[in-house]
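What follows is a set of notes on a single structure, which appears directly below.
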Amino acid sequence: MTRVRVLLVEDDLRVARVNRDLLERDPDVHVVGSAATLAQGDALAQALAPDLILLDVYLPDGSGLGLLRHWRAQGRTTDVALITAADDEASVRTALAQGAFDYLIKPFTGARLAEVVARHRARRTARGTLDQAHLDRLLGAGTGPGAPEPLPRGIDPHTLERVAQVLTGAPGALSAEEVGDRTQLSRVTAWRYLEHLVRVGRASLDHQYGLAGRPAKLYRARPDDPPAGGG
């Protein structure tokens with residue numbers, strides 16, 4: 001699993017603490033710092049070089065949108081997601097124009113926050129050439145036929161990417177039990193995530209026929225799928 005170092009820029013200490021706890025439910029996510037002002041956020045971004053920055057808009061010494069603009073002008077390409085109460089269209093458009101890859105309006109769910117991390121992982125680990133379907137998945141784009149479907153109930157985005165990355169890193173096909181062992185999931189839970197990956201075209205299913213009994217189901221990542229790590 002790709003380790004993710006996160007910087008929080010949030011002036012409400014209670015909110016920052018809740019977000020830290022939600023993020024660190026994933027053992028491969030580590031919040032390396034927390035800033036309450038633009039100045040602190042800029043200094044920590046330079047000193048810590050985080051992989052992902054979660055940035056508020058309303059801060060005591062100015063707008064997080066201004067800090068994002070400053071980072072991009074400096075050539076800093078760190079993934080930045082806005083997490084804010086700013087729900088006006090102008091703020092959203094400005095954030096996206098300045099290169100924010102995601103935008104969460106408070107309040108949001110823990111699953112939606114995990115989706116930010118999963119999308120960040122996918123952006124970091126994708127390499128080589130991409131077809132349009134894979135690019136749409138990375139960008140969260142597409143609404144017509146072939147667009148990424150919303151995750152069904154009970155499918156957690158960062159757990160899904162953990163399962164996908166185990167398949168990507170395996171030299172051969174794996175059973176649900178083997179995937180469960182490697183991800184610390186039950187066999188049934190791993191099977192449910194694997195079947196979802198097959199359904200959306202990110203994994204293929206093989207059958208291994210033994211001497212007796214029903215054939216074992218084996219799963220492998222699709223060869224043309226970019227290495228998993230996000231949504």
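The first residue in the sequence is number 1, and the count goes up from there. Note: hydrogens, waters and symmetry copies are ignored here, and every other heavy atom, side chains too, is used.
Salt bridge present: Asp56 and Lys106 bring a charged side-chain N and a carboxylate O closer than 4.0 Å.
Within the 4.5 Å cutoff, the side chain of Leu23 has heavy atoms near those of the Leu8 side chain. Inter-residue side-chain proximity for Glu24 and His30 is flagged as met; some heavy-atom pair is nearer than 4.5 Å. Using a 4.5 Å heavy-atom cutoff, the side chains of Phe101 and Leu52 are in contact. Side-chain contact check for Val198 versus Tyr219: some heavy-atom pair is nearer than 4.5 Å. The shortest side-chain heavy-atom distance between Asp26 and Val4 does not fall under the 4.5 Å cut-off. By the 4.5 Å heavy-atom criterion applied to side chains, Leu55 and Ile83 are not counted as neighbours. Between Trp71 and Gln74 there is a side-chain heavy-atom pair separated by less than 4.5 Å. Between Leu185 and Val163, the closest side-chain pair of non-hydrogen atoms falls below 4.5 Å.
Among residues two or more places apart in sequence or in another chain, the side-chain contact (heavy atoms from CB on, under 4.5 Å) test is passed with Ala173 by Asp206, Leu218, Arg220. Listed by chain and residue number, Thr189 satisfy the side chain to side chain donor-acceptor pair (under 3.5 Å) test with Ser186 (two or more places apart in sequence, or in another chain). Taking Ala114 as the reference, Asp156, Pro157, His158 meet the side-chain contact (heavy atoms from CB on, under 4.5 Å) condition, with sequence neighbours excluded. With sequence neighbours excluded, the residues satisfying side-chain contact (heavy atoms from CB on, under 4.5 Å) with Thr94 are Leu65, Arg69, Gln98. Evaluation of the side-chain contact (heavy atoms from CB on, under 4.5 Å) rule for Leu38 yields Leu59, Asp61, Leu67 as partners, not counting sequence neighbours.
At a threshold of 4.5 Å between side-chain heavy atoms, the hydrophobic network of Ile, Leu, Val, Met, Phe, Trp and Tyr places Val32 and Val29 in two separate groups. Note on Leu48: it does not cluster hydrophobically with Leu54, by side-chain heavy-atom contacts below 4.5 Å among ILVMFWY residues. A continuous path of ILVMFWY side-chain contacts below 4.5 Å connects Tyr58 to Ile105, so both sit in one hydrophobic cluster. Residues Val31 and Leu7 do not share a hydrophobic cluster, clusters being chains of Ile/Leu/Val/Met/Phe/Trp/Tyr side chains in contact below 4.5 Å.
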Leu113/Thr109 under side-chain contact (heavy atoms from CB on, under 4.5 Å): CA gap, chis, key distance, verdict: CA-CA 7 Å; Leu113 184 58; Thr109 65; over 6 Å; no

From CA spacing to verdict: side-chain contact (heavy atoms from CB on, under 4.5 Å), Arg76, His70: CA-CA 9 Å; Arg76 182 179 295 279; His70 167 70; over 6 Å; no

Starting from the C-alpha separation in whole Å, work towards a yes-or-no answer on side-chain contact (heavy atoms from CB on, under 4.5 Å) for Asp51 and Val6. CA-CA 6 Å; Asp51 303 309; Val6 181; over 6 Å; no

Step by step, would you call Ile53 with Leu68 a side-chain contact (heavy atoms from CB on, under 4.5 Å)? CA-CA 10 Å; Ile53 300 174; Leu68 176 58; over 6 Å; no

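Applying the salt bridge (charged side-chain N to carboxylate O under 4.0 Å, His left out) definition to pairs two or more places apart or across chains, none involves residues 12-22. Counting only residues at least two apart or in different chains, salt bridge (charged side-chain N to carboxylate O under 4.0 Å, His left out) contacts with residues 172-195 comprise Glu195-Lys217. Residue pairs meeting the salt bridge (charged side-chain N to carboxylate O under 4.0 Å, His left out) criterion with at least one member in residues 31-44, sequence neighbours excluded, do not occur. A salt bridge (charged side-chain N to carboxylate O under 4.0 Å, His left out) check over residues 77-102, counting only residues at least two apart or in different chains, returns the pairs Asp79-Arg123, Glu89-Arg93, Asp102-Arg112, Asp102-Arg119.
Taking every heavy atom of both residues into account, Pro60 and Ala36 meet most closely at CD-O, 3.3 Å. Considering every non-hydrogen atom in both Ala35 and Leu44, the closest pair reads CB-CD1, 3.9 Å.
In summary, of the residues considered (Leu160, Val166, Leu174, Val179), a side-chain contact (heavy atoms from CB on, under 4.5 Å) with Leu194 occurs for Val179 alone.
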